[in-house]
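Keep in mind it's a predicted model, so treat the numbers as computed, not measured. Chain letters run A, B, ... following the sequence lines, proteins first, then strands; residues in each count from 1. Keep in mind that the numbers below use all heavy atoms, side chains included, and drop hydrogens, waters and symmetry copies.
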Amino acid sequence: MSKLQPARGTRDIYGDEARGMRAVVDTFQRVAGSYGFEELATPIFEFTEVYKRPLGETSDIVSKEMYSFESSARESGDKEAEQLTLRPEFTAGVCRAFISNGMQQHLPCRFMSWGPAFRRERPQKGRYRQFHQINAELLGQDAPEADVDIIAMAWRLLRELGLGDKVVLHLNTLGDKESRAAYRNALVDYFGAHRDQLSEDSLRRLESNPLRILDSKDDADKALVAGAPLMSDCMNEDSKAFFEAVKTGLETIGVPYRHDERLVRGMDYYCHTAFEFITTELGAQGTVLAGGRYDGLVEQLGGPPTPGIGWAGGIERLAMLSGAGTSTLRPVIIMPMGDVAMQKAFEVAETLRAANHTVLTDRSGNLKKRLNRANKSNARFAVIIGDNEVTEGVAALKDLDTGTQNDVKFEQLVTIISSATGETS
RNA sequence: GCGGGUGUAGCUCAGUAGGUUAGAGCGCCAGCUUGUGGUGCUGGAUGUCGCCGGUUCGAAUCCGGUCACUCGCCCCA
């Protein structure tokens, strides 16, 4: 074990894991694209304010998990030092970009983003300090149909990743501002009257985020929660109608869900629809994709009042669950066996690459060794070129699956290999 | 941030009443086979036993600390 380790909670991503994560992103891009989402890549760090304000000063993310730093004014040549933060999530940055670029003129906006995010938490399986998310935001639509659309998109993505039966959609509503405030008060009243029975953690939540008490895992808390007021009791008519419309829409297009009255959100800016796709296969890190509506966020950041809804998915978690990642590449291996052949190999390799084949040239060792390596790389064809072949204008083309080998004229190599592998150029 | 577990070869793991050069399987390398593979046989290389310190004549083994991973809590994708 080397002394050189990556920083806690970070790691190097390669091999099957890298392939699996890339498959998640590729699928996301394709699916989100089919819903009209366009790429928006925001900076990996922003002014600290961008995250501090919307997430809420008291949230754990802001109060102890953000990687914040002050740029040195003198060394950077700036007039004064800047307070900066590595992004702990995507939504706030996307909204900031929306405002900065005056995008309210082009509503509705559909943005897809992906990349690393940073939170200083205790690492665990499926929980890293640098982790990766795919993110979708839909700005400028306040109708419940937008909620249905974006959840449908998530569901389609999950099914395309083969997770349709590994994941359950938990759905809830937090109501509009008025309803949410009323519910919060009701909870504070209720739990406040039972302070003596609350766990230490929940006592703290009573101050910071009372809604969070609802999903406490403490047994005593759970007993209390069972008798707690329900969101549905505190909702006004508008909020109820909104939620009904979302549920009806999901039923219409056949997205299965479970109404979970205990589902809440970590971030302050959420209202109305909240949802999480949850699996039981990843231990404590069961939430694989989650999101909700945030109608007040853009305004809070100083932009024009703009409704929004979005979600984020954990790429590591999705990749772990879907198990994708095994390489399916079937390269063609060129094996030059002499000085003249060595030169010819370049030409053959380039021609094949131009026709969309993955081509490697193996120049070392005897033929036996090279064929052995070719097997391990899952190659389909070996092109053996010796000096005598070059003078005759042919290469020995060996099909590694069947073991058959034929002399093929150089001009015909591409055609024959392409038709065998189904590659169209 | 809190509590529990683990840390021996590239990988999966044996190995503790403390005792010569620390093991297996897989993988890797070479040979049997001077330009024809996957099986087989033979041989070979590789470890500061996570790190630092302590106890001891002697530590992979006992003790303390530390780092990393892992499970749960917290939080959350």
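- Nucleic acid contact for A/Phe90: none, since no nucleic acid atom lies under 4.0 Å from a heavy atom of the residue.
- Nucleotide B/G35 holds its P atom 18 Å from the CG atom of A/Asp407, rounded to whole Å.
- Within the 4.0 Å cut-off from OP1 or OP2 of B/C74, not a single side-chain nitrogen or oxygen of A/Arg204 is found.
- Across all strands shown, B/G31 forms a Watson-Crick or G-U wobble pair with B/C41, both key distances being under 3.5 Å.
- Geometrically, A/Arg110 does not engage A/Tyr35 in a cation-pi contact defined by less than 6.0 Å to the ring centre and at most 45° from the axis.
- If you take atom C1' in B/C41 and the same atom in B/U6, they sit 39 Å apart, rounded to whole Å.
- Listed pair A/Lys217 / B/C74 meets the phosphate criterion, a side-chain N or O lying under 4.0 Å from OP1 or OP2.
- Look at B/G23: its Watson-Crick or wobble partner, with both distances under 3.5 angstrom, is B/C13.
- Look at CZ on A/Arg317: it is 10 Å from C1' on B/C75, rounded to the nearest Å.
- In a base pair of the Watson-Crick type (N1 to N3 plus N6-O4 or O6-N4) or a G-U wobble (N1-O2 and O6-N3), with each distance short of 3.5 Å, B/G47 is matched with no nucleotide.
- Comparing the C1' positions of B/A17 and B/C32 gives an interatomic distance of 48 Å, to the nearest angstrom.
- When the shell of 6.0 Å around CD of A/Glu38 is examined, it contains 12 or fewer heavy atoms from other residues, nucleotides or ligands.
- Cation-pi geometry between A/Lys344 and A/Phe410 is satisfied (NZ or CZ under 6.0 Å from the ring centre, within 45° of the ring normal).
- The distance from atom CG of A/Asn209 to atom C1' of B/C75 is 11 Å, rounded to the nearest whole Å.
- Using C1' as the reference atom, B/U48 and B/G7 are 16 Å apart when rounded to the nearest Å.
- Rounded to whole Å, atom C1' of B/C32 lies 9 Å from atom NZ of A/Lys368.
- Within the structure, every side-chain polar atom (N or O) of A/Lys376 is placed at least 4.0 Å from both OP1 and OP2 of B/G27.
- Across all strands shown, A/Gly9 has heavy atoms under 4.0 Å from sugar-phosphate atoms exclusively, and none from any base.
- Here A/Ile315 lies out of heavy-atom contact (under 4.0 Å) with every strand.
- In this structure, A/Glu316 pairs ionically with A/Arg11, as a charged nitrogen and a carboxylate oxygen lie closer than 4.0 Å.
- Across all strands shown, A/Glu200 has no heavy atoms under 4.0 Å from either base or sugar-phosphate atoms.
- Looking at A/Lys398, its side chain comes within 3.5 Å of the base of B/U36 through a donor and an acceptor atom.
- Taking 4.0 Å as the cut-off between side-chain N and carboxylate O, A/Arg205 and A/Asp215 do not count as a salt-bridged pair.
- Of the C1' atoms belonging to B/U46 and B/C28, the separation is 9 Å, rounded to the nearest Å.
- For A/Lys369, no side-chain nitrogen or oxygen approaches OP1 or OP2 of B/C29 to under 4.0 Å.
- Residue A/Asp215 is out of contact with every strand shown, counting any heavy-atom pair closer than 4.0 Å.
- Here A/Leu289 lies in heavy-atom contact (under 4.0 Å) with sugar-phosphate atoms only.
- For A/Arg127 against B/A77, no side-chain N or O and base N or O form a donor-acceptor pair under 3.5 Å.
- Here A/Gly126 lies in heavy-atom contact (under 4.0 Å) with a base.
- Annotation: cation-pi pair A/Arg87/A/Phe90 present, NZ/CZ under 6.0 Å from the ring centroid and within 45° of its normal.
- Not a single donor-acceptor contact under 3.5 angstrom links the side-chain atoms of A/Gln405 to the base of B/G37.
- In this structure, the side chain of A/Ser216 does not engage the main chain of A/Ile213 through any donor-acceptor pair within 3.5 Å.
- Residue A/Gly386 is the one, among A/Ala312 and A/Gly386, whose nearest nucleotide of RNA chain B lies closer to the 5' end (criterion: closest heavy atom).
- Among the atoms of the strands shown, none is found under 4.0 Å from any heavy atom of A/Gly338.
- At a threshold of 4.0 angstrom between heavy atoms, the contacts of A/Asn378 with the nucleic acid are absent.
- In this structure B/A60 sits in no base pair that meets the Watson-Crick or G-U test at under 3.5 Å.
- What separates CG of A/Asp401 from P of B/G37 is a distance of 16 Å, to the nearest Å.
- Annotation: of the two residues near RNA chain B, A/Leu367 and A/Val288, the 5′-most nearest-nucleotide partner is A/Leu367.
- Between A/Arg212 and B/C76 there is a side-chain polar atom (N or O) within less than 4.0 angstrom of OP1 or OP2.
- Annotation: B/A9 and B/G4 have their C1' atoms spaced 29 Å apart (nearest Å).
- A close approach under 4.0 Å does occur between a side-chain nitrogen or oxygen of A/Arg8 and OP1 or OP2 of B/A68.
- Taking atom P in both B/U16 and B/U20, one finds a spacing of 13 Å when rounded to whole Å.
- A salt bridge links A/Asp26 to A/Arg22: at least one charged side-chain nitrogen sits closer than 4.0 Å to a carboxylate oxygen.
- One atom, CZ of A/Arg370, and another, C1' of B/U36, lie 11 Å apart when rounded to the nearest Å.
- Distance A/Gln124 CD to B/C73 P: 8 Å, rounded to the nearest Å.
- Taking atom P on both nucleotides, B/U21 is separated from B/C2 by 42 Å, rounded to a whole Å.
- Remark: A/Asn366 is in phosphate contact with B/G35, judged by side-chain N or O atoms under 4.0 Å from OP1 or OP2.
- Here B/G72 sits opposite B/C2 as a Watson-Crick or G-U wobble pair (both hydrogen-bonding atom distances under 3.5 Å).
- Side-chain N/O atoms of A/Arg120 include one lying less than 4.0 angstrom from OP1 or OP2 on B/G1.
- Proximity of A/Arg122 to the phosphate of B/G72: no side-chain N or O atom is located under 4.0 Å from OP1 or OP2.
- A 6.0 Å sphere centred on CZ of A/Arg330 holds more than 12 heavy atoms belonging to other residues, nucleotides or ligands.
- Only the C1' atoms considered, B/C75 is 35 Å distant from B/C13, to the nearest whole Å.
- Rounded to whole Å, the distance from CZ on A/Arg129 to C1' on B/C76 is 14 Å.
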